[in-house]
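Source: prediction; values computed, not measured.
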Amino acid sequence: MKIDVGLDAQLYVSDLANKNLRVVGTDGVIDTITDAIVPLEGLQAGEERPVTAVNDDGTLYASNGVVVQRMDADSGEFTTIAGGGAFSLDDGSDRPATEAALRITDMAVSGGTAYVAHRAGTFDWRVRAIDEDGTITTVAGGGELGLQASEGQTATEAQLTDITSLAVDSRGTIYLAEDVAEGPQDDGTYSRKGWYIRKVDEDGTISTVLGDAGSGFSGDGGPAAEAEIDQGMGDMALAVDAEDRLLFIDGSNHGNNVVRRIDGDGVITSIAPAWYLAQDIAVGPDGHLYFAAPGRVFVMALNENGLPVEHGIGERPAPKPADDPWADEEAGTVLTVADADSTEVVGEPRGLAVGADGTIHVVGSRDDSVLTIDTEGETARLPTGVGTTYPPDLTLTDVEVGTDGSVYVAVGGAVLRIYPDASTAVVAGNGSRRAGVRGNQGYEGQLAITAAVDEIRLASGWDGTLYLADSLSNRVYELGEDGRLSTLAEHGFTLPGGLAVGPDGHIYVGDEHSEQLREIAPHGEVSIVAGRGLPTDDDPGGGGSDGGTNLISPSDVAVDRDDTAYLATSRGIKRIDADGEVETVVQPPDENATDPVRLANLGFDAHGNLYFTETPGGRVRVMVRPGEISDPFPWGIVSASSAAAVLVVVGSCVVVIRRRRRAPRTPALFTPRD
């Protein structure tokens, strides 16, 4: 599928499946442009390859892969200007362009001249130019010089082996994405060399923009010629923005999955994530990026720095805390807040967060939106853009609420930010889940939107800083205001099972595989708070024991204003205070049942009420102000629903583990990083 965007921001889509041209207006209404794609007849019937392009004056061009048509702006009628003939016209003859035989794979238009990528034969591509008076000329390809030999030579002396995309800037410089193959070899075959971007200058000479540095991901901020790019299979797509900067998709098929930009000085920069299997890219008049993927088109807004646009941030005050909805309830009471059945939470509940206004946010693994529950118990949906702005069939793994009211959602190898005005943007990850080239080395100092991450867990600091734990690189990161990632500690985490920030800036991580709760101090020191490997009176060596704390499969962690950690495990919710005392506060009724109850997804509100999910059944529960309880358990339970309570509170089970004492905290104090 090929796309382009007009001066009026109308989106044109070349629909290969239906072999027609669609237009999507700024109001979101889609229509079919009749007569734009000429049906093929005879042996070519059914082999249309629609492509479209818009001239810099707004004139629309369309091709079925064999002929090129131009639309009259006044009448809306199309006229064939090239193709449909039987002649190669490579001999310099003066036959009109309509007598040329063309096999078109892409098209670009600038200054009234249409440029087409024409397949003349196997491993034999040409770039043909069709001017406004109907003359067709070969401007690149058709020669015998290979990649290196053709460098700096006349472009028509170069052998071009597979052109997948064309772009032309306002000066007439032609850019082409070529999947270079070398040959023929002695046996007549060709060997694939990889992706290259080549350009044809106004004087007709051809040169390589990038591709020689090999396969990988590197080079941002330096010369494009020295940058590594993904050399995997799949098509490379090109576009030019209003400032004549070249944009291209670097590896959309299990690859780097980023949009990279090359400026007039030849400097390359990664500017945005490119979603998996993106087939084409276009730039709108407002600078928005459009991506074509199988069956859908996505749009992404960028700011002047090339990062996702922030809408309205800094223009509105932070939400004020709402009144405590459970102020009249006794501390320690457990209540049912909502019964979120499968129609409200799709898939397994994977994340819960509470905003300053008391609104609860819950996501299911197969959701495409966030379930919200206000303080009155009313539910609503908060769209994430998954399936519209972002690709469908992505797994949601967590949700978090920032201090400004923004909602962050971890979804399919990326983090989306839903701003208070309901606009969305990608702030980390690029939709790729490939650990390969970069994952194991981490992403210190790297632009967050270029990182390949997965199974992400989120936490928002008391100062609004966003933190994320990534299971691919096994690290915890801080997302800086410059959009780059900082590694908080070099210690790996085998599978992060929850992430939370204390009021003093200490980070808490539940590790599912090691069955531990770990703490990262602001200066980067990592310590085990509870779980296996921690020395106890019964196990001074800490070898394999969990210290009796039963931190089996921790799935989430939350920290209150007193720096007390609560950890959801397969054996219930544990409370771990600053002195290292561990108590089981809530436990499922029968952990050995065929379909046991699972307590997970913890979150505190501004008043110290602890919320959690219960599955199966999809209930959202609240434990009223557990921080006020200092007596041993059990606590009493009052169920707000008519159904019998399925939770039971265990008797006192206090296990003291060795951990350093810390000085009493000032609840509102945050210790900034050095």
Task: Side-chain H-bond candidate by donor/acceptor type, Asp244 with Ser170, under 3.5 Å - done: yes
- [ ] Measure the CD1-OG1 distance between Ile130 and Thr135 for me, rounded to the nearest 0.5 Å.
- [x] 10.5 Å
Task: Check: His118 side chain, Arg103 main-chain N or O, donor-acceptor pair, under 3.5 Å - done: yes
Open item on the list: For Pro285 versus Gly6, what's the shortest heavy-atom pair and its separation?
Closed with: CD-O, 3.5 Å
Open item on the list: Check whether Thr397 reaches the backbone of Glu455 with its side chain - one donor and one acceptor, N or O, closer than 3.5 Å.
Closed with: no
Task: Check: Arg128 and Ile104 side chains under 4.5 Å, non-hydrogen atoms - done: no
Open item on the list: Go through it in stages, so that I can follow the logic: the residues are Leu21 and Ser14, the test is side chain to side chain contact (heavy atoms under 4.5 Å, CB included), and I'd like the CA-CA distance, side-chain angles, deciding distance and then a yes or no.
Closed with: CA-CA 5 Å; Leu21 180 62; Ser14 302; 4.1 Å; yes
- [ ] Would you check if there is a donor-acceptor pair between the side chains of Thr161 and Glu178 at a distance under 3.5 Å?
- [x] yes
- [ ] Please tell me if the side chains of Ile3 and Val297 come closer than 4.5 Å, counting only heavy atoms from C-beta onward.
- [x] yes
Task: Glu182 (side chain) donor-acceptor with Leu147 (main chain) under 3.5 angstrom - done: no
Open item on the list: With a 3.5 Å distance limit and no angle check, can you tell me whether Asp241 reaches the backbone of Leu246 through a side-chain donor-acceptor pair?
Closed with: no
- [ ] Quick one: sort the Tyr190 and Phe123 rings into parallel, tilted or perpendicular, breaks at 30° and 60°.
- [x] parallel
Open item on the list: Strictly distance-based, threshold 3.5 Å: is any side-chain N or O of Thr208 a donor or acceptor partner for the main-chain N or O of Tyr196?
Closed with: no
- [ ] Could you tell me which non-hydrogen atom of Leu479 sits nearest to which non-hydrogen atom of Ala448, and how far apart they are?
- [x] CD1-CB, 3.5 Å
Task: Closest contact, heavy atoms only, Ser215 versus Gln231 - done: OG-N, 3.4 Å
Open item on the list: In the structure I gave you, are the side-chain heavy atoms of Asp106 and Leu238 within less than 4.5 Å of one another anywhere?
Closed with: no
Task: Minimum side-chain heavy-atom gap Val5-Leu11 below 4.5 Å - done: yes
TODO: Examine distances only and state if a side-chain atom of Asn55 and a backbone atom of Gly112 form a donor-acceptor pair shorter than 3.5 Å.
DONE: yes
Open item on the list: Taking Thr113's backbone N and O only, do any of them form a donor-acceptor pair with Asp131's side chain (distance below 3.5 Å, no angle check)?
Closed with: no
Task: Whether Ser63 side chain and Val51 backbone form a donor-acceptor pair below 3.5 Å - done: no
Open item on the list: Once rounded to the nearest 0.5 Å, what's the spacing between atom CE of Met107 and atom NZ of Lys2?
Closed with: 10.5 Å
Open item on the list: Quick one about Glu202 and Thr173 (side-chain donor to acceptor, distance below 3.5 Å, no hydrogens or angles considered), yes or no?
Closed with: yes
- [ ] State, without any angle test, whether Asp187 and Gln185 hold a side-chain donor-acceptor pair at a distance under 3.5 Å.
- [x] no
Open item on the list: I need the minimum non-hydrogen distance between Asp470 and Ala452, along with the two atoms involved.
Closed with: OD2-O, 4.2 Å
Open item on the list: I'd like to check Leu289 versus Val283 (side-chain heavy atoms, cut-off strictly below 4.5 Å). Are they in contact?
Closed with: yes
Task: Non-hydrogen side-chain atoms of Leu485 and Gln446 separated by less than 4.5 Å - done: no
TODO: Using the side chain to side chain contact (heavy atoms under 4.5 Å, CB included) rule, take Asp220 and Arg260 through it: C-alpha gap first, then chi angles, then the decisive distance, then the call.
DONE: CA-CA 9 Å; Asp220 274 357; Arg260 306 183 80 175; 2.9 Å; yes
Open item on the list: Regarding Arg171 and Asp201, does a basic nitrogen lie under 4.0 Å from an acidic carboxylate oxygen?
Closed with: no
TODO: Kindly compute the distance separating CG (Leu472) from CG (Asp454), expressed to the nearest 0.5 Å.
DONE: 5.0 Å
Open item on the list: To the closest 0.5 Å, what do you measure between CZ (Phe291) and CE (Met1)?
Closed with: 13.0 Å
Task: Any donor-acceptor N/O pair, Ser165 side chain to Ala177 backbone, under 3.5 Å - done: no
TODO: Would you give the length of the straight line joining atom CG of Leu160 to atom CG of Leu176, rounded to the nearest 0.5 angstrom?
DONE: 6.0 Å
Task: Residue pair Ile163 / Leu166: nearest heavy atoms and the distance that separates them - done: CG2-CD2, 4.1 Å
- [ ] Return the minimal non-hydrogen interatomic distance between Leu210 and Ala224, and the atom names on each side.
- [x] CB-O, 3.3 Å
- [ ] Using side-chain contact (heavy atoms from CB on, under 4.5 Å) as the criterion, point out the one residue from Val240, Ile262, Val259 that pairs with Leu247.
- [x] Val259
Open item on the list: Keeping Gln69 on the side-chain end and Ala36 on the backbone end, is there a donor-acceptor pair under 3.5 Å?
Closed with: yes
Task: Spatial distance of atom CG (Asp250) from atom CZ (Phe217) [nearest 0.5 Å] - done: 7.0 Å
Task: Note, Asp280 side chain near Tyr290 side chain (heavy atom, < 4.5 Å) - done: no
TODO: Could you walk me through whether Asp4 and Thr52 pass the side chain to side chain donor-acceptor pair (under 3.5 Å) test, one step at a time?
DONE: CA-CA 7 Å; Asp4 207 350; Thr52 186; over 6 Å; no
Open item on the list: So Asp212 and Gln148, do their side chains get closer than 4.5 Å, heavy atoms only?
Closed with: yes
